[in-house]
Amino acid sequence: MLKFHNTLSGQLEEFQPLNNKDVRLYICGPTVWSYAHIGNFRTFTFGDVLRRYLKYKGYNLTHVMNLTDVDDRIINEAKKAGKVIDEFTAPFVEAFWEDSDALGNERPEIAPRATEHIAEMIQIIEKLLENGHAYESEGSIYYRISAFADYGKLSKINFQGNISGASGRVDTDKYDKENANDFALWKLVNENEPTGWDASFGRGRPGWHIECSAMAMKYLGETFDIHAGGVDLKFPHHENEIAQSEGATAKLFAKIWLHSEHLKVEGETMSKSLGNYYTFRDLIEKGYTASAIRYLLLSVPYHKQLNFTFETLDGAENTIARLRDFRNRLSEANPKDGINPDLQEKAKNYLADFESAMDDNLNTSQALAALHNLVREVNTALAHEIVCTEDRSLILYIIDKFDSVLNIFGEVKEEMLDAEIEKLIEERQEARHNRDFARSDEIRDLLAEKGIVLEDTKNGVRWKRK
RNA sequence: GGCGGCGUAGCCAAGUGGUAAGGCAGAGCUCUGCAAAAGCUUUAUUCAUCGGUUCAAUUCCGAUCGCCGCCUCCA
């Protein structure tokens, strides 16, 4: 039974979709002003595992992830670069999908862009103006939080107690707002500024939060099942989305809110000034593989902070290699016909362990432990030659089940060796047969230089690429 | 100032009121011509510190120390 920790209720809740087997999911996507970093990808990879596990559980999924392609930063950076915003964001949009694909994240069903949904945003703002949840001030439109009694229900922030203490960082009088906590729905833009849209309430550009309300409700309806994102979005972004959406519709916006915790690097906050800020591309350039990065991102449950260290990433590379090697060896094994009921039962139990771990608010740490336990069990069985054909089929099937969610094994590739290398391997077998170990080792070293690693087993020689 | 989280072996970490998952690294052994791979064994009498509750606490409560996050840029 699948359970989620719902930020809205603060409780672990049994998951029950609004419409029997259909699940509608919204995840806040990237702001495409730069290359996404590994912290961003922790959240998106969590989102991917969430979507994959929902499918695993048999739900029909509609997953929406927006791309924020207009905000102050994008406008400023585009201006500096002498480009219109679409030109400026295009390469980052492309890079985002490249990186996301490389990390093994499935693409959402719908990936709407903010700039293509301005009309929907304007409609919501009009509604909010009509029903008194919004007001105009100096040409901009603000949300009136005093008109929304539930404001703060997600983040549970007590606005009485804390604003004064944090006042140094809270900009209260930059705009003429009724209340310091009121936020912009629509920002006035002068005629001479390139990035702006006309609305019944004046030319401007959208505030940050309205895009998610508009796109989520357009594609998922006024009320939908799950809304997820990084913890830092809980306040103000998600709180404001709720205020806008529920203020406009008077209906529950999202039933369940999930927040992924931040990633730290070597125990510290990732920041450019500390020099520990890494994009996905940075790590690939350093020679790390996408699967190891994904493994590391999944090694800690999403709702706990993850300490990203290079020592652990090196370890993840070894782990991934061992897992893949395991699957290959199992596939290549030459088992006896038949069935080993004991092994079958154990394998099924590990699958059950995996599922109950994932059911428990997506505990990927425990899910991975179930996978490793299965691998150890089967390795032992393989060594004792008690794996039969039917067991192998079952185990490979279970591995596929695990991997339909984790996606760390990668494609099964039928690799070919070129004739020259085949010949060398044959020659080495010949030399070994003749106990010419000097020649045999020489060939092994030669192949190692070419990136081919040999393993002599009872059933002959196997090779793999390093 | 308000609020939340965390501190478990060399490293990354799960977890629970009844006596510590898993991964990586290390060590020994088995297998091997030697390797590699794999397997087996081994690595926390102990879960930041100090008190309290309890038959029993790493798990609950309190205090202390340290770290991280949010309080309108932020995955």
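Throughout, a chain's letter reflects where its sequence line sits, starting with A, and its residues are numbered from 1.
Contact annotation for A:Leu313: no contact, since no heavy-atom pair falls under 4.0 Å across all strands. Heavy atoms of A:Asp325 sit under 4.0 angstrom from primed sugar atoms or phosphate atoms, though from no base atom. A:His372 comes within 4.0 angstrom of the backbone, heavy atoms only, and of no base. Across all strands shown, A:Phe235 has heavy atoms under 4.0 Å from sugar-phosphate atoms exclusively, and none from any base. Across all strands, A:Arg444 comes closer than 4.0 Å to base atoms (heavy-atom distances). Using a 4.0 Å heavy-atom criterion, one finds that A:Pro30 contacts no nucleic acid atom at all.
For the pair A:Asn307 and B:rC12, the criterion of a side-chain N or O lying under 4.0 Å from OP1 or OP2 is met. Phosphate proximity of B:rC73 to A:Trp33: absent, as no side-chain N or O sits under 4.0 Å from OP1 or OP2. Distances shown here put every side-chain N or O of A:Thr312 at or beyond 4.0 Å from the OP1 or OP2 atom of B:rG23. Between A:Lys264 and B:rC67, a side-chain N or O to OP1/OP2 separation shorter than 4.0 Å is absent. For B:rC34, neither phosphate oxygen OP1 nor OP2 lies less than 4.0 angstrom from any side-chain nitrogen or oxygen of A:Arg432. Contact annotation: A:Arg73 does not reach the phosphate of B:rC74 (side-chain N/O to OP1 or OP2, under 4.0 Å). Residue A:Asn318 places none of its side-chain N or O atoms closer than 4.0 Å to OP1 or OP2 of B:rG23. Between B:rG15 and A:Lys304, a contact under 4.0 Å exists linking OP1 or OP2 to a side-chain N or O. Taking side-chain N and O atoms only, A:Asn379 has a distance below 4.0 Å to OP1 or OP2 of B:rG39.
Atom NZ of A:Lys401 is surrounded by more than 12 heavy atoms from other residues, nucleotides or ligands within 6.0 Å.
Residue A:Phe326 contributes atom CZ, which lies 13 Å from atom P of B:rG23 at whole-angstrom precision. When the P atom of B:rA36 is taken as reference, atom CG of A:Asp445 falls 12 Å away, rounded to whole Å.
Interatomic distance, A:Leu2 CG to A:Ser356 OG, rounded to the nearest 0.5 Å: 12.0 Å.
A donor and an acceptor atom, one from each side chain of A:Asn66 and A:Glu211, are located under 3.5 Å apart.
For the pair A:Lys286 and A:Tyr278, the NZ or CZ position fails the cation-pi test of under 6.0 Å to the six-membered ring centre and within 45 degrees of the ring normal.
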